Amino acid sequence: MTVRFLLAFGGAEMAVPDSPNGRSAHEALIGSEAAARLSAAKDKLQRRVPLAKAWLAAMLYWQGHSTAHIARTLRVSDTSVRNMLKDRKG
């Protein structure tokens, strides 16, 4: 779910209402219960959802996606994906 959320909302500001009303895009993706938890913690959140490309590359690779697929999904080069994965391995 985190991967899908970051791919959908990463890199942009996201308005989190005080209480979910069933009309927001993030509520449609994560469900009303998770949206309510997000609303309850909204004062602790940053306004912009992080891109987290290196983490996403690692998770997509772990899920079995190819380097080319990850590059297309994250809109980066295959070389960048390989470097992100190499950097995460240490």
Side-chain angles (χ1 to χ4, degrees):
M1 179 57 70
T2 303
V3 171
R4 290 176 40 211
F5 182 84
L6 289 172
L7 289 174
F9 298 104
E13 286 188 40
M14 187 176 80
V16 178
D18 291 331
S19 61
N21 55 18
R23 297 183 302 188
S24 65
H26 74 275
E27 187 176 352
L29 177 67
I30 66 175
S32 58
E33 289 181 20
R37 290 192 303 272
L38 195 63
S39 292
K42 75 183 248 177
D43 60 325
K44 297 176 183 134
L45 302 173
Q46 54 188 344
R47 292 177 56 127
R48 182 168 286 109
V49 179
L51 288 170
K53 285 188 176 187
W55 184 85
L56 283 169
M59 291 300 101
L60 291 169
Y61 183 78
W62 177 77
Q63 291 174 354
H65 296 283
S66 70
T67 301
H69 174 81
I70 296 168
R72 287 190 301 270
T73 301
L74 299 180
R75 300 286 189 223
V76 297
S77 70
D78 58 324
T79 304
S80 293
V81 171
R82 284 189 201 92
N83 287 333
M84 285 184 231
L85 295 174
K86 180 180 70 169
D87 290 345
R88 291 195 63 87
K89 290 179 185 174

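Model, not experiment: these values are computed from the prediction.
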> Can you find a heavy atom in the side chain of V76 that is under 4.5 Å from one in the side chain of M84?
Replying inline: yes

> With a 4.5 Å heavy-atom cut-off, do M14 and L38 have their side chains touching?
Replying inline: yes

>> Under the criterion side-chain contact (heavy atoms from CB on, under 4.5 Å), I'd like the reasoning laid out for T2 against L56: C-alpha separation, chi angles, the key distance, then a yes or no.
In response: CA-CA 9 Å; T2 303; L56 283 169; over 6 Å; no

>> I'd like to check the salt bridge (charged side-chain N to carboxylate O under 4.0 Å, His left out) partners of R47; sequence neighbours left out, ordered by chain and number.
In response: E13

>> Give me the atom names and distance for the closest heavy-atom approach of K42 to V16.
In response: NZ-O, 2.7 Å

>> I'd like to check L60 versus Q63 (side-chain heavy atoms, cut-off strictly below 4.5 Å). Are they in contact?
In response: yes

> Of the non-hydrogen atoms in P17 and H26, which two are nearest, and what is the gap between them?
Replying inline: CD-CE1, 3.9 Å

>> Let me confirm one number: the CD1-NZ distance from I70 to K53, rounded to the nearest 0.5 Å.
In response: 13.0 Å

>> So, taking the atom named OG in S24 and the one named CD1 in I30, what distance separates them when rounded to the nearest 0.5 Å?
In response: 7.5 Å

> Are L7 and L74 close enough that some pair of their side-chain heavy atoms sits under 4.5 Å apart?
Replying inline: yes

> Do the rings of H69 and H65 sit parallel, tilted or perpendicular, given the 30° and 60° boundaries?
Replying inline: parallel

> Quick one: do M1 and M59 end up in the same hydrophobic cluster if we chain Ile, Leu, Val, Met, Phe, Trp and Tyr together by side-chain heavy atoms under 4.5 Å apart?
Replying inline: yes

> Looking at P20 and S39, what are the two nearest heavy atoms and their distance?
Replying inline: CD-OG, 3.8 Å

>> Does F5 have more than 12 heavy atoms from other residues, nucleotides or ligands lying within 6.0 Å of its CZ?
In response: yes

> Hey, any chance L51 and L6 share a hydrophobic cluster, counting ILVMFWY side chains that come within less than 4.5 Å of each other, even indirectly?
Replying inline: no

> In terms of heavy-atom contacts, does CG of D18 have more than 12 from other residues, nucleotides or ligands at under 6.0 Å?
Replying inline: no

> Looking only at heavy atoms, what is the nearest atom pair of F9 and V49, with distance?
Replying inline: O-CB, 3.4 Å

> Is there any salt bridge (Lys or Arg N to Asp or Glu O under 4.0 Å) pair reaching into residues 23-38, and which pairs are they, with sequence neighbours excluded?
Replying inline: none

